[in-house]
Q: 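What follows is a single structure, and I will ask about it in a moment.
All values derive from a computational prediction rather than experimental measurement. Computation of the quantities below employed the complete heavy-atom set of this structure, encompassing side-chain atoms and omitting hydrogens, waters and symmetry-equivalent molecules. Within every chain, numbering begins at 1; the chains are lettered A, B, ... in the order of the sequence lines, protein sequences first and strands thereafter.
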Amino acid sequence: MDVYSKSSKIYLAHQLFDEIPQPDIVARTTLIHAHSASGNLKMARDIFSKTPLSMRDTVFYNAMITGYSHNDDGYGAVALFNDMRRDGFRPDGFTFTSVLGALALIADYERQCQQMHCMVVKSGTGFVTSVLNALISVYVKCASSPSVLSTSLLISARKVFDEMPQKDELSWTTMITGYIRNDDLDAAREFLDGMCEKLGVAWNAMISGYVHQGLIQEAFEMFKKMQSLEIQLDKFTFTNVISACANAGLIQLGKQVHGYILRAMGKPTPDFSLSVNNALITLYWKCGKAGEALEIFNKMPVRDLVSWNAILSGYVNVGQIDEARTIFGEMPERNVLTWTVMISALAQNGLGEESLKLFSQMRLEGFEPCDYAFAGAITSCAVLGALENGRQLHAQLVRSGFDSSLSAGNSMITMYARCGVLEAAHSLFLTMPCVDLVSWNAMIAALGQHGYGAQAVELYEQMLKEGILPDRISFLTVLSACNHAGLVKEGHQYFDSMYGVYGITPGEDHYARLIDLLCRSGKFSQAKAVIDSLPFKPGAPIWEALLAGCRIHGIIDLGIEAAERLFELIPQHDGTYVLLSNMYATVGRWNEVAEVRKLMRDRGVKKEPGCSWIDVENKVHVFLVDDTLHPEVQAVYNYLEQLGLEMRKLGYVPDTKFVLHDMESDQKESVLSTHSEKLAVAFGLMKLPRGTTVRVFKNLRICGDCHNSFKFISEVVGREIVVRDGKRFHHFKDGKCSCGDYW
DNA sequence: GTAGGGTTAG
């Protein structure tokens, strides 16, 4: 009895019970009800098992079965149901209602639905409305589970419904929600229109169905019809309608609804206000009105978990991670959803480690992660390139029964791809029980990032053939793929089809990819024409694409122009300086290279770790610190010396020239260590026996000379090498690279 | 039997 406070009614009742020398079956049944209603299944079970068989009756069993069912123990309820029949007790209508409710909690209850249906019929309770409602409900729930063929079960539910001698409101509503959950809104609507009584619950369910399908107009028509038919509008009606506005970004309409509520609802109950305010927070936040959202939140007399979660995800959606962290810390309570939002937010912002830490903390605090939480954690592994961690999560996911989850599956496609195992990503894509646009986009991107541009384009075409409509992200990925495969004409056609065929207005990032495509293939006048005719003022992505193209082809004047625009827009961005200096290096203007580096130093711009290199006419030039006392410098020298020797011996590179260049001392360590690391890997690979496939998971920013080295090694040693380079991968084989040598 | 808070792809 420790779990109850000493003054609680159950405690007192139980004490009284203990004092009765021989409590009868009615007392026992009552106490089982009381314990299980307060969530203490153990106490209920204790009384149950101490009751001799001779005393028991059907009502007594029913109490215990209901107890299991109400405490989400479906298996317990079904097992006891079987025990009951074995012990010779006859289930009645209440028994069936309870056990059918319990069935819906069990994962694979498809066959059991039908068995139970037969038993109901045989037991003679097949005319009892509550039993039949439970039967319909369990069929409907079963039909909504993803692994089940829903139509046949819905037909079964419909049959039960049609043959019911007496239908009540519940029967109708259950059927309607059944159709809604299976995305058959027309059938649901037909049912609703066939109901004589205008029941608010059913109408609300119907509106919610429309909202979830994005059918805003239909939702609002229902709403207006409810008003004209004078059906009671309640918190469900309004939260649904507000969420419709939020999803469609209709702030004006949302405000009208808000005003209507204030005028028409008189003095609302606290419960009504809470629900509506929660919906309003999201409405304002999704429509970019952070101030209004926060004002509502701050003025709320009572907040619940939903309010806090709405504020949390509001901050996350506008990218204010620090504020989100603060809210997360301040929250009076959290649930799985809270954790999921935070884990995913961190992953999305590249904070993979923090995200994974939170994922394990979540479990330590006793929360069982849902598939969305897994998806967030798996994304963190993709960010970190942590293959082993990702594989473990994959295994745990399967163990938790989420292996058919779309979001988790989609995140795993990306995780495997970004960890270098393209084959695993692909086989996952092929074996997933169902895929959606996100899965296709993920797989197309994976191929593109691994340098398989032609295959990515092929997969995109296949997606179109299967009747799936591309979105703006599909175009970003397919355009990138065209870039890497050098498919200029195709890329341009895809770009044109974006608005021409699919009515999607290209964004700046799409234009940037188009310019990238044109510049890479040397079509500078076309690229310039596109920039001049842009429907908006060109921003950093556009100029960066242009500068990158100028770097490859050594188009100095245009490159300088692009760099100047970039300096105005993002003065402290190191990438501009690197591109600019490499552009000069391409044409051998070393003095200008030095000037750019000086400029960078004068402006206090920090360069990200990497190395400077350039490949001109098959000659490898490497910048090195003029400091031969530095041990790293000596190591890099030695590596290059040997590598150059080997390469020349095989006639791979006719000449290797090292250009010494001064470098900032704070850049020395990182630049040199990454460089020597890559060369060390290259040498390690050379020593390996023929016939091995090597994957380098450590993120090595691939530069021109190590790219050459890897190509050389793949040819000489004769095997495949996969190397990670940021988000992308290079596959080296037979002296060629999957990236199409766009270096 | 209905609602308000979430995820995955660039």
Side-chain angles (χ1 to χ4, degrees), chain A residues 133-134 136-137 140-141 168-178 180-181 199-209 211-212 234-244 246 271-272 274-283 285 304-314 316-317 334-345 347-348 370-379 382 405-415 417-418 429 435-446 448-449 470-481 507 509-510 513 727:
Chain A
N133 280 345
I136 294 174
S137 166
V140 158
K141 270 190 196 145
D168 62 5
E169 292 172 344
L170 191 58
S171 332
W172 284 89
T173 321
T174 312
M175 271 320 292
I176 290 172
T177 51
I180 292 173
R181 278 196 206 153
L199 185 68
V201 182
W203 283 68
N204 290 340
M206 197 66 228
I207 293 181
S208 138
V211 173
H212 285 288
D234 60 11
K235 59 177 177 178
F236 294 98
T237 325
F238 286 113
T239 48
N240 273 322
V241 167
I242 293 167
S243 129
D271 178 49
F272 177 91
L274 179 65
S275 298
V276 166
N277 279 328
N278 287 343
L280 285 171
I281 291 175
T282 305
L283 168 75
W285 218 317
D304 65 359
L305 190 51
V306 178
S307 334
W308 283 96
N309 283 342
I311 287 296
L312 180 72
S313 55
V316 167
N317 288 332
R334 298 173 188 148
N335 62 2
V336 174
L337 200 142
T338 319
W339 289 93
T340 306
V341 170
M342 205 58 215
I343 288 165
S344 310
Q348 289 293 340
C370 62
D371 57 338
Y372 293 154
F374 270 107
I378 289 165
T379 300
S405 158
L406 254 179
S407 46
N410 292 342
S411 66
M412 282 195 292
I413 293 176
T414 301
M415 183 273 289
R418 297 250 292 253
F429 176 71
V435 291
D436 64 357
L437 178 61
V438 176
S439 329
W440 284 93
N441 286 346
M443 195 61 229
I444 295 167
Q449 286 160 345
D471 66 354
R472 45 180 300 276
I473 291 174
S474 315
F475 283 105
L476 287 179
T477 52
V478 82
L479 286 171
S480 299
D509 33 9
H510 295 102
R513 276 165 173 75
K727 275 190 183 178

Q: Scan nucleotides 3-10 of chain B nucleotide by nucleotide, 5' to 3', and note B when protein non-hydrogen atoms come under 4.0 Å of the base, S if they reach only the sugar-phosphate, - if neither.
A: BBBBBBBB
Q: Can you name the side-chain hydrogen bond (donor to acceptor under 3.5 Å, both in side chains) partners of A/Arg418, sequence neighbours left out?
A: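 Per chain and number, A/Arg418 pairs via side-chain hydrogen bond (donor to acceptor under 3.5 Å, both in side chains) with no residue.
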Q: Taking ring-ring contact (aromatic ring centres under 6.0 Å, His included) as the test, write out the residues that go with A/Phe429, two or more places apart.
A: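 Expected list: A/Trp440.
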Q: Heavy atoms only, 4.0 Å cut-off, all strands: where does A/Ile207 land among base, sugar-phosphate and nothing?
A: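 It contacts nothing in the nucleic acid.
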Q: Rounded to the nearest Å, what distance is computed from the CE atom of residue A/Met206 to the P atom of nucleotide B/dG1?
A: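 From A/Met206 CE to B/dG1 P: 19 Å.
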Q: List the residues meeting side chain to side chain contact (heavy atoms under 4.5 Å, CB included) with A/Leu476, not counting sequence neighbours, and say none if there are none.
A: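 In terms of side chain to side chain contact (heavy atoms under 4.5 Å, CB included), with neighbours along the sequence ignored, A/Leu476 is linked to A/Arg472, A/Asp509, A/His510, A/Arg513.
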Q: Residues in side chain to side chain contact (heavy atoms under 4.5 Å, CB included) with A/Val341, at least two apart?
A: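 A/Val341 satisfies side chain to side chain contact (heavy atoms under 4.5 Å, CB included) with A/Leu312, A/Ser313, A/Val316, A/Leu337 once adjacent residues are dropped.
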Q: Could I get the full list of salt bridge (Lys or Arg N to Asp or Glu O under 4.0 Å) partners for A/Asp234, not counting sequence neighbours?
A: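 Counting only residues at least two positions away or on another chain, A/Asp234 forms no salt bridge (Lys or Arg N to Asp or Glu O under 4.0 Å).
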Q: Can you tell me if A/Arg181 touches the phosphate of B/dT2, counting only side-chain N or O atoms and a distance under 4.0 Å to OP1 or OP2?
A: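 Yes, such a contact exists.
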